[in-house]
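Proteins get letters first, then strands, A, B, ... in listed order; numbering begins at 1 in each.
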Amino acid sequence: MKIKLNIWKQANPKAKGRFEKYELDGVDPEMSFLEMLDSLNEKLIKEGKDAVAFDHDCHEAICGCCSLYINGRPHGPGEEVATCQVHMRAFKDGETITVEPWRAKGFPVLKDLIVDRNAFDKIMSAGGFVSIDAGQAPDANSILVSKVDADKAFDAAACIGCGACVAACKNSSAMLFVAAKVSQLALLPQGKVEAKRRALNMVAKMDELGFGSCTNTGACEVECPKGIGIDFIAKLNREYLCASFGEAE
Amino acid sequence: MSKLDAKIPEGPLAKKWTKYKASQKLVSPNNRKKLDIIVVGTGIAGAPAAASLAEMGYNVKVFCFQDSARRAHSVAAQGGINAARNNKNDGDSVYRLFYDMIKGGDYRAREANVYRAAEVSSAIIDQLTAQGVPFAREYGGTLANRTFGGVQVSRTNYAQGQTGQQVLLGGYSALKRQVALGKATMYSRRQMLDIVVIDGKARGIITRNLITGEIERHAAHCVVLATGGYGTIYYLSTLAVQSNASAAMQAYRKGAYFGNPSFIQIHPTCIPVLNEYQSKLTLMSESLRNDGRIWVPKVKGDKRNPNDIPDEERDYYLERRYPAFGNLVPRDVASRAAKERCDAGYGVGKTGLAVYLDFRDAVAKQGKKAIKGKYGNLFDMYEKITGDSPYETPMMIYPAGHYTMGGLWVDYNLQTTVPGLFAIGEANFSDHGANRLGASSLMQGAGDGYFIAPYTVSNYLADEITTKVPSTDLPEFEEAHNKVVERINKFLNINGTKTASSFHKRLGHIMWEHAGMKRNEEGLKKALEEIAALKKEFWSDLKIPGKADELNQELEKASRVADFIDLATLIVRDALNRKESCGAHFREESQSEGGEAVRIDKEYSYVAAWEYQGDDKEPKLHKEQLKFENVEVKVRSYK
Ligand SMILES: Cc1cc2nc3c(=O)[nH]c(=O)nc-3n(C[C@H](O)[C@H](O)[C@H](O)COP(=O)(O)OP(=O)(O)OC[C@H]3O[C@@H](n4cnc5c(N)ncnc54)[C@H](O)[C@@H]3O)c2cc1C
Ligand code: SF4
């Protein structure tokens, strides 16, 4: 296969970015998208040009590093895939592929296709935990959890923190990410103790960091590589409302 | 050899750790505030260690090279985490887990450490559950368990096929809580490039800020390395592609001994190599061997669709060779058996380097829904990569580099031979001998992090309460800093023609060929020559675009590959020295007629700990003689 690439290049956070055009020959349809970028870089370096910077690590859709906006979709074509699971067989010979970084106020571009997602860590620090020190835990089997709740909590916990939901949202809202963590912990007895504080603090932090609000368009759910559903946003809203009307902590 | 004291407490095995805790030195809460600790790594060992030490009141600085602590390679662990809880009433106990690990490791691990790992395993599950880790549950609400290879009890806890992610996020959330409380400070996108030793003690590190390229100095009272394993030495492996050996090599060059570097586990069930561009191999969790049956056709080169091959024409070779454990033999045994079949010409798939892992019988017996519940995400992952559905057609699998039992040599305190420098998780050599059993790495890493390092590090710091954090202007920092800058400039100034990745790939080939699943003297000697030639070429023909003072991923890679090359030599030397077969280390010269590994206990019942003597100089071998007082050393048999 031969493909044309239109890739966002930006030297650093302050520099002005622009699209750069590349052509790549000998692309194997079985290559993953990241391996295609590897071969592009191999070629560029040999030609004495600058490589394209992009984040990636596990190549198994679980680390959440990869974050490419391909042809107008976070993580590119396919259902419930992260960028590392996109293969070149998803594209046509001769096709022009446009690759951009996540675009959101909360995720400034660091270089080329790499963005700063520290905001997610900050939201987690605002309440995405159960306050339990090492050594204080009771016997795990003394906390009975119904299989239904455990499975549902797992579905929410499967979030990989990639940020595709933010990139997909026209308001750059981080609601799906926050909803996943709040729901996971609210569904489990261990997490119920701090449920109110958690919902209030995580939402407040999200607002403070410049993420927009949720207007229920559902774009996040469509692009989430882990199939996190917006029913969790409904759960977050309930948790948040209950917490807002409950006693302030 | 005087320095190699494992500092194992006296007394009966089951009492050692209790006794240690009762008699160790403590640091009062008031003094903890004055003590700074650097933790490098945020995986299942580092994140809990950092969080737990911060909870105790120490000031903790935490480093990782990813953009977030949550992305450490541990996140990719799939199958589960062991604990000796006897949840299934099937005869499990701390001793049984200890015994399984010692035997699984082919009698090349230290009894006292392994026993302690088994002893704290149950508390890990309690801790993680309390953090909100959604482990699989039975309908009655209690924990569900599954079985892993090499054992005859069900002691593995899991969260579908994403156990590593869930377990890591538990530790990550504990760490985030400490960050919010101001007790831990997170430095992400930092690559550690050297360790600073002052008056013989580890006192700080040099890092590169991967966004700006700035070289930074960080000082502390001690340094804990939780930097993971180096299975990526083979280039293609199941590890996240940025996993590396650099931290361990920096420690090694600063005087920390490297333990059993050649003990590298090759995992039997991975998606085979599909094309030459591949940068990574995908693991299919060992848990699949609970229900999947491994086979090849009985006739060489049988090209029929696997579903059309009747049972009598299939060779379920693990069930045939190892009736007692069948498909659940340990990894080293399963990997070699697959290689044996493929080398003999019975392999399947395009390349002939694959065997079938078949779920036909399990789906027929338990139904698709039940199988989906257990392995859904693994089946999806397989289908996304290969385009085939394992519900319909058998998976094709082949062994791949996976886990390093070798690592920095540590004593019972998890301290390296450099005082104040600790190594935990996969980065140390400790608990798995010559072969690791499934689901015991998360267990060991988490145990080190939550329940062992907090005690042993405190024991060390008790003597440091009057020491001030050293100034980063000291000559030792200056020197380390300058060396790091020098090395970076050296990389950039070569200005040759080949990329760092291309060298890594070639190194991987050499290692896979000569120091992979099977090794022999001739091949290993050849590898030494090939690595030396590659090293020369690397340092004269490397090409890195860009500059030092910017985000430069090629520069990051080059630094890792340079360390891999040096480690490769060390691995080969270790493999050459050990003329026996044990666990994952299979020397063709030492096998039985049936092709099973033959240990030579009289000569090799020791940990090989290598001391750095200078670049390109032969390292010095120290031996930690292993004593087995609580298990009978036997021929490891899974028949
Ligand atoms: C695909 C796969 C599946 C697995 N499944 C299981 C399983 O089911 N059960 C099980 O028990 N084990 C499993 N394992 C093994 C297990 O996942 C690992 O052994 C374990 O997670 C290692 O944890 P760690 O904390 O030691 O290191 P890692 O998780 O590798 O973390 C290393 C950390 O060190 C940091 N780091 C490294 N070098 C530097 C540097 N120079 N500067 C700064 N930071 C640095 C990294 O950023 C990272 O934070 C699996 C392994 C693989 C590859
Ligand atoms: S909710 Fe989905 S899209 Fe958003 S961060 Fe989590 S995994 Fe990514």
Greatest number of heavy atom pairs closer than 4.5 Å to chain B - which of [options]:
| options | result |
| --- | --- |
| A:A150, A:A156, A:P138 | A:P138 |
| A:N41, A:L185, A:V86, A:D28 | A:D28 |
| A:A157, A:S146, A:G191 | A:A157 |
| A:A51, A:S131, A:G127 | A:S131 |
| A:K152, A:R117, A:M36 | A:R117 |
| A:L110, A:L187, A:L34, A:L44 | A:L110 |

Are any of the side-chain nitrogens in [X] or [Y] under 4.0 Å away from the carboxylate oxygens of its partner?
| X | Y | answer |
| --- | --- | --- |
| A:D55 | B:R71 | no |
| B:K543 | A:E42 | no |
| A:E223 | A:R73 | yes |
| B:R177 | A:D133 | yes |
| A:K43 | A:D38 | no |
| A:K147 | A:D151 | yes |

Expected output: side-chain A:E239 to main-chain A:R198 donor-acceptor under 3.5 Å:
no
Any side-chain to backbone donor/acceptor pair from B:T232 onto B:S243? Under 3.5 Å, distance only.
yes
Select one option (side chain, backbone, both, neither) describing which atoms of [X] are under 4.5 Å from chain A's heavy atoms.
| X | value |
| --- | --- |
| B:N157 | neither |
| B:T497 | backbone |
| B:Q242 | both |
| B:F451 | side chain |
| B:E276 | neither |
| B:D67 | both |
| B:L281 | backbone |

Can you say whether [X] sits under 4.5 Å from chain B via the side chain, the backbone, both, or neither, judging by heavy atoms?
| X | answer |
| --- | --- |
| A:I160 | both |
| A:S142 | neither |
| A:E60 | both |
| A:V115 | backbone |
| A:E47 | neither |
| A:K49 | backbone |
| A:A11 | neither |
| A:N118 | side chain |
| A:L188 | side chain |

Gap separating the [atom1] atom of [X] from the [atom2] atom of [Y], nearest 0.5 angstrom:
| X | Y | atom1 | atom2 | value |
| --- | --- | --- | --- | --- |
| B:L53 | B:E55 | CG | CD | 9.0 Å |
| B:L175 | B:L169 | CG | CG | 11.5 Å |
| B:L274 | A:E35 | CG | CD | 9.0 Å |

Centres of the A:F177 and A:F211 rings: under 6.0 Å?
no
[options]: which one forms the most heavy-atom pairs within less than 4.5 Å of chain A?
| options | result |
| --- | --- |
| B:H73, B:E138, B:Q178 | B:E138 |
| B:S279, B:A76, B:S52 | B:S279 |
| B:G164, B:S68, B:A123, B:P454 | B:S68 |
| B:M186, B:R85, B:M381, B:R189 | B:R189 |
| B:T238, B:I211, B:L143 | B:L143 |
| B:Q66, B:Q278, B:E554, B:E550 | B:Q278 |

Report the C-alpha separation of A:E30 and A:R89 in whole Å, then their side-chain angles, then the decisive distance to 0.1 Å, and conclude whether the salt bridge (Lys or Arg N to Asp or Glu O under 4.0 Å) test is met.
CA-CA 6 Å; A:E30 293 312 310; A:R89 55 182 178 252; 2.7 Å; yes
Looking at every non-hydrogen atom in both residues, tell me the closest pair between B:R560 and B:N244 and how far apart they are.
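It is CD-CB, 3.5 Å.
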Residue pair A:F120, A:F107: steps toward the ring pair (Phe, Tyr, Trp, His ring centres under 6.0 Å) verdict
CA-CA 9 Å; A:F120 270 10; A:F107 294 156; 5.2 Å; yes
Can B:S458 and B:Y58 be said to form a side chain to side chain donor-acceptor pair (under 3.5 Å), step by step?
CA-CA 9 Å; B:S458 293; B:Y58 296 109; 2.8 Å; yes
